[in-house]
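Accompanying notes for the structure given below.
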Amino acid sequence: MDFIKSNNYSIFFSDLGYKKLINLIQVNKYSKIFVHVDTNTKNYCLDIFIKKTNGLNFDTIESVPGEENKNLESCINLWSIISRKSGDRKSLIINLGGGVVSDMGGFVASTFKRGIDYINIPTTLLSIVDASVGGKTGIDFQFLKNQIGTFYEPKMVVVDPIFIKTLSKKEVLSGYAEIFKHSLIVKSKLFEKLIKQEDFYFPELRLIKESITIKNSIVLTDPNEKKERKALNYGHTLGHAIETNSLLKNKKLLHGFAISIGFVLEGYLSTELFGFPFESLEAIKNHVIKKYGKEIFSKNDISSIQELLIHDKKNSYGKTKFLLLKNFGEPVYDVEVDSNLIKKAFDFYDA
Ligand code: GLY
């Protein structure tokens with residue numbers, strides 16, 4: 001399987017991906033091609049892209065790396081450069097980077113001249129198995145993650161596992177959290193496989209494809225997150241609040257590390273409220289702690305995290321809504337949770 005079909009685009013792997021990319025560019029006769037990088041992908045990935053696309057003519061546009069720069073100022077910078085370089089409605093943006101690059105580049109593409117084409121070439125494991133697939137674009141706003149954004153599909157995604165080799169072990173682990181999440185939200189043998197697996201640095205392509213296939217199947221069922229796609233937010237309600245809290249404290253926790261704690265906390269809520277099997281909850285907790293270690297949360301942290309929950313973008317009518325699980329692959333949508341139970345979830349994580 002060298003490609004996975006999504007709604008109006010496909011996810012292509014390795015060399016076939018670059019072939020399809022060149023073909024798409026020729027067919028669409030783009031007026032200008034902008035390759036959007038950040039400082040890291042400019043240094044470590046751009047040369048690989050140039051070799052693989054063999055003489056493609058493009059302009060580079062660069063963002064400052066890091067979640068703290070996924071904001072309006074960075075978009076203004078990108079819109080300005082694209083305008084200055086005579087970008088028009090027939091221009092193309094190729095996002096060569098992790099989730100920040102693709103979320104922000106996708107957002108810039110979706111709004112420039114009311115929408116131009118873009119392609120994602122994810123360079124982190126996290127963006128390969130999650131951010132680059134599914135057409136969510138966006139930026140953070142006033143310390144709230146993904147507060148402003150659009151649903152706007154790429155023209156294609158090119159997955160080249162070679163980029164994973166440019167990452168630190170910590171970054172690979174961060175991406176692994178999304179693979180692990182996929183094993184919880186659908187019925188499959190993936191969970192058993194993952195918890196038995198020896199430590200790995202470079203995940204097998206088979207595992208990556210299995211993970212993308214799960215994400216893509218959920219997105220296909222519900223592209224605009226009316227219901228089923230909410231399952232992809234498992235662990236993220238508390239995970240995002242934990243991530244933001246760490247940013248506010250200048251003690252940046254990588255996304256995957258934060259949401260993995262969310263899997264345990266929201267697993268506890270799932271067990272308490274919907275009878276998610278306790279032995280599975282313990283298996284999740286053990287796996288998370290084995291992979292990511294244990295974070296310490298003070299009383300102040302927990303209060304600040306609860307405060308941040310109020311602003312989660314998945315809220316409606318001022319209530320925090322959780323996606324919980326009755327069992328693997330059996331989501332329960334839009335659950336309101338008492339704040340005392342959330343405190344108990346932290347006690348369970350800490351025990
Ligand atoms: N990252 C969650 C989603 O794409 O819906």
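Computation of the quantities below employed the complete heavy-atom set of this structure, encompassing side-chain atoms and omitting hydrogens, waters and symmetry-equivalent molecules. All ligand and atom numbering here is 1-based and tracks the order in the structure. Count residues from 1 along the sequence. This one's a predicted model, so the numbers in the text were calculated from it and none came from an experiment.
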Could you list the residues that satisfy side chain to side chain donor-acceptor pair (under 3.5 Å) with Glu307, not counting sequence neighbours?
-> none
Centroid-centroid distance, Phe322 to Tyr333, less than 6.0 Å = no
Give every pair formed by an N or O atom of ligand 1 and a protein N or O atom closer than 3.5 Å, one pair per line with both atom names and the distance to 0.1 Å, or write none.
from: ligand 1; atom 1: 1 (N); to: Asp130; atom 2: OD1; distance (Å): 3.1
from: ligand 1; atom 1: 1 (N); to: Asp130; atom 2: OD2; distance (Å): 3.1
from: ligand 1; atom 1: 4 (O); to: Lys215; atom 2: NZ; distance (Å): 2.5
from: ligand 1; atom 1: 4 (O); to: Arg229; atom 2: NH2; distance (Å): 2.8
from: ligand 1; atom 1: 5 (O); to: Lys136; atom 2: NZ; distance (Å): 2.9
from: ligand 1; atom 1: 5 (O); to: Arg229; atom 2: NE; distance (Å): 2.8
from: ligand 1; atom 1: 5 (O); to: Arg229; atom 2: NH2; distance (Å): 3.3

Please identify each residue that fulfils side chain to side chain donor-acceptor pair (under 3.5 Å) with Ser280, with sequence neighbours left out.
-> none
Does the ring center of Phe112 lie less than 6.0 Å from the ring center of Phe34?
-> no
Pair Phe12 + Tyr18: ring centers closer than 6.0 Å = no
Sequence neighbours excluded, which residues qualify as side chain to side chain donor-acceptor pair (under 3.5 Å) partners of His255?
-> Glu178, His236, Glu243
